[in-house]
Amino acid sequence: MAAISSSPSSHPRLRRLSAGWSISPETHPIFPLLRLCRISGELEQIHAFAVKTGLFHALPVSSRILTLYCDPELGSLGFARSVFDQIPQPNSFAWNSLLKRLVDEKRSHDAILLFQQMLTVSSVLPDNYNVPCAVKACAHIHAFEEGKQLHGLTVKTRLGDDSFVRSSLLSFYSKCSHLELAKKVFDHVCDKDLATRNSLIDGYVKSGNIEAARKMFEEMPKWDLFSWNLMITGYSIRGELEVAWEFFERMPEKNVVSWNAMIGGFTKNGDFGSARRLFDEMPYKNMVTWNTLITGYQKLGFYEEALKVFDEIFTKGFTPNTITLVSSLSAISEIALVERGRSVHMYIRKNGLSLEGILGTCIIEMYSKCGEIDSAFSTFKEIRRKKLGHWSAMIMGFGMHGMAKEAIDLFIKMKERGLKPDYITFTGLLNGFSKAGMVDDGLQNFELMSKEYGIEPTVEHYTYMVDLLSRVGHLEEAKKLVYHMPMRPKKMIWMSLLSCCRRYGEIELGDLAAKSLVEFDPDSTAAYLLLYNLYAAAGLWGKVLNPRDPIMERRARKKTESNSIEFNGSVHGFVISDHSRFKTGETNVKLEMRVRLNSAGFVQAYSRN
DNA sequence: TTAGGGTTAG
């Protein structure tokens, strides 16, 4: 209540009001005053006045005050919540306002909990205002079971006749990828309004059925902005940018979402020139605009470009949000720019942003990938309420640094805290076993994962298992695993196998791995280098020099590939070389990258400050 | 005129 410190008599309108009005909530002039309230300072003064005069005890007054605090322009969520807690028996307006604010701020779990709390501790019933909010929260986090229960509730209470309730359910099923259920809800709606139709279009768009989306769009009696924006998104997802552009140009009115959707279409399809042109031309930008550009660059591997845009945000007077920081940290991790990562960490700390969410996970991951496992661990220890993501990121960090013992210890502690590991946790753990060459533990946990936790191994899990088996020379078992895995092996699997074949002189299997590697990437320099080393190590110079060998032939037209790493304030670049030795020079970089680079025949080629 | 559903960034 620190904000309610000013005297109620300081406000001219309040001075008049406090002069002896009897407290009759329905007719009291505080109501027109509340309606006129536009800025937080005014609201705080009216609030203070209501508390001091006892008017706040009247539910119509307190609920109106709360509703105003729930407006993001007038109050923070924390403050709204504390005002809510001051109301002994909140009415439906109070519950619904707070619920809406939670949903708008994407606090979906809290919103669902609040709705449940409302049903159990208050006499407020589910209605056509709060049910759509609760359904929206379920849609956001894909809480399918909870959403279905709400659907059941609407059937029992006949709330399903309401168009808001219906469209929220329709959108929920669309977002949970149950389009058949969405269509079922849609077919039962008598008055199909714009939002209802748009929800279904969204479902079609997200499931890639652009034809159905277009049919629906064309059959609509009228469009508004949402419909057009959905079509732009739909064609962008399909990579049909010309059609997306047609919609963008044809629409009678554009808003920031239209521009963002079109920019997103360009970035997703790698046309950064058009994306940037549109970005520079648009009349108004929001944080989604900036994030669209940053994530676009980051996802396609243009990390430095992503970080340039990140810097630009500050010069243009915008404030990065969680998504901006997540994407930028991801770019920083990929190119291991630890000093940049540290400055983002400082920014987070300085601005009081919590590490208890995804940002904590990103910082741990960033330090781990940049080789600073100690900083990663001290960040991890700093986080008070650790979530599964933090544990998994730290296990992954230890894993990639070959610190299998630390990874296992953490895994055990995590389970002791009652947390259930997920597929990411096991990815980190198996990576640790593979780096440390711990076959028995690796195999045991690989089995435990599906048997005890019901987690089906992904291609990453298989990759680390193949890597582990190959490293210790169990090449036949590794080969068997590759042939028995239910999905197509990825490039890394063949790389591991091939590099270990060199070490153990397994020419035949190495040949096979190299050919499979080339199938993925016909210009794979790594395949050539690994195979070259394999033949050379076995003294098979005839094969090395055979110009008709399709793999060896690539030597002549191989491209120069480069990578970089920041260490001690300098950026160190690496290019692929014919030499298989990895000369680290002065730098003693503790990174798994070093191991990978080594096996792929990289050498340090240049350094710049 | 105290409260609600559908679009863009992870």
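Residue numbers begin at 1 in each chain, while the letters A, B, ... track the order of the sequences.
Which of dT2(B), dA3(B), dG5(B) sits closest to the side chain of Asp127(A) comes down to dA3(B). In the set dG5(B), dT7(B), dT2(B), dG5(B) carries the atom at the smallest distance from any side-chain atom of Ser168(A). Side-chain proximity of Thr233(A) to the nucleotides dG10(B), dT8(B), dG5(B) is greatest for dT8(B). Nearest nucleotide to the side chain of Thr295(A), out of dG10(B), dT7(B), dT2(B): dG10(B). Considering only side-chain atoms of Phe226(A), the nucleotide from dT7(B), dT2(B), dG5(B) that sits closest is dT7(B). Comparing dT2(B), dG6(B), dG5(B) against the side chain of Thr67(A) picks out dT2(B) as the nearest. Comparing atom distances between the Asn321(A) side chain and each of dG5(B), dA9(B), dT8(B) picks out dA9(B) as nearest. Considering only the side chain of Pro132(A), dG5(B) comes nearest among dG5(B), dA3(B), dT1(B).
Across all strands shown, Asn128(A) has heavy atoms under 4.0 Å from base atoms, whether or not it also approaches the sugar-phosphate. Among the protein residues, Thr289(A) comes within range of no part of the nucleic acid, since none of its heavy atoms lies under 4.0 Å from any strand. Using a 4.0 Å heavy-atom distance criterion, Ser163(A) is classed as a base contact. At the heavy-atom level, Ile323(A) lies under 4.0 Å from base atoms of the strands shown. At the heavy-atom level, Asn130(A) lies nowhere under 4.0 Å from the strands shown. Within 4.0 Å (heavy atoms only), Leu194(A) reaches at least one base atom of the nucleic acid.
Using a 4.0 Å cut-off, some side-chain N or O of Arg64(A) falls inside it from OP1 or OP2 of dT2(B). Regarding contacts with the backbone of dG6(B), every side-chain N or O of Arg197(A) stays at 4.0 angstrom or more from both OP1 and OP2. For the pair Lys254(A) and dT8(B), the criterion of a side-chain N or O lying under 4.0 Å from OP1 or OP2 is not met. For Lys136(A), a side-chain nitrogen or oxygen approaches OP1 or OP2 of dG5(B) to under 4.0 Å. Using a 4.0 Å cut-off, some side-chain N or O of Lys299(A) falls inside it from OP1 or OP2 of dG10(B). Put simply, Lys268(A) has a side-chain N or O that comes within less than 4.0 Å of OP1 or OP2 on dA9(B).
For Lys386(A) and Phe380(A), the positive end sits near the middle of the six-membered ring, less than 6.0 Å away and at most 45° from its axis. Phe172(A) does not carry Lys136(A) over the face of its six-membered ring by the limits of under 6.0 Å from the centre and within 45° of the normal.
For His47(A) and dT2(B), the NE2 to P distance is 18 Å, given to the nearest whole Å. Straight-line distance from the CD1 atom of Ile294(A) to the P atom of dG10(B): 11 Å, rounded to whole Å. The distance from atom NE2 of His142(A) to atom P of dG10(B) is 13 Å, rounded to the nearest whole Å. One atom, CZ of Arg38(A), and another, P of dT1(B), lie 12 Å apart when rounded to the nearest Å. Taking atom CG of Asn198(A) as the reference point, atom C1' of dG6(B) lies 5 Å away to the nearest angstrom. Atom CD of Gln298(A) is separated from atom P of dG10(B) by 9 Å (rounded to the nearest Å). Between the CZ atom of Phe115(A) and the P atom of dG4(B) there is a distance of 15 Å, rounded to whole Å. For Phe93(A) and dT2(B), the CZ to P distance is 8 Å, given to the nearest whole Å.
For a distance-only test at 3.5 Å, the side chain of Thr196(A) qualifies as a donor-acceptor partner of the base of dG5(B). Residue Ser199(A) places no side-chain atom within donor-acceptor reach of the base of dG6(B), judged by atom type and a 3.5 Å distance cut-off alone. One can find a donor-acceptor pair under 3.5 Å joining the base of dG4(B) and the side-chain atoms of Asp162(A).
With DNA chain B read from its 5' end, the first of the two nearest nucleotides for Lys206(A) and Lys100(A) is the one closest to Lys100(A).
Between Cys133(A) and Val103(A), the shortest heavy-atom contact is O-CG2, 3.4 Å.
Using a cut-off of 4.0 Å between Lys/Arg side-chain N and Asp/Glu carboxylate O, Glu460(A) and Lys490(A) are scored as salt-bridged. For Arg101(A) and Asp71(A), the salt-bridge test fails: no basic side-chain N is under 4.0 Å from an acidic carboxylate O. Look at Glu365(A) and Lys369(A) and you find a salt bridge, because one of the NZ, NE, NH1 or NH2 atoms lies within 4.0 Å of a carboxylate O, short of that distance.
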Would you tabulate the side-chain donor-acceptor contacts of residues 229-238 of chain A under 3.5 Å, counting partners in other chains and residues two or more places apart, or write 'none'?
from, atom 1, to, atom 2, distance (Å)
Asn229(A), OD1, Ser258(A), OG, 2.8
Asn229(A), ND2, Leu225(A), O, 3.4
Asn229(A), ND2, Asn255(A), OD1, 3.3
Thr233(A), OG1, Asn229(A), O, 2.8
Tyr235(A), OH, Arg214(A), NH1, 3.0
Ser236(A), OG, Ile232(A), O, 2.8
Arg238(A), NH1, Gly208(A), O, 3.0
Arg238(A), NH2, Glu211(A), OE2, 3.1

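Separating the P atom of dG5(B) from that of dT1(B) is a span of 15 Å, rounded to the nearest Å.
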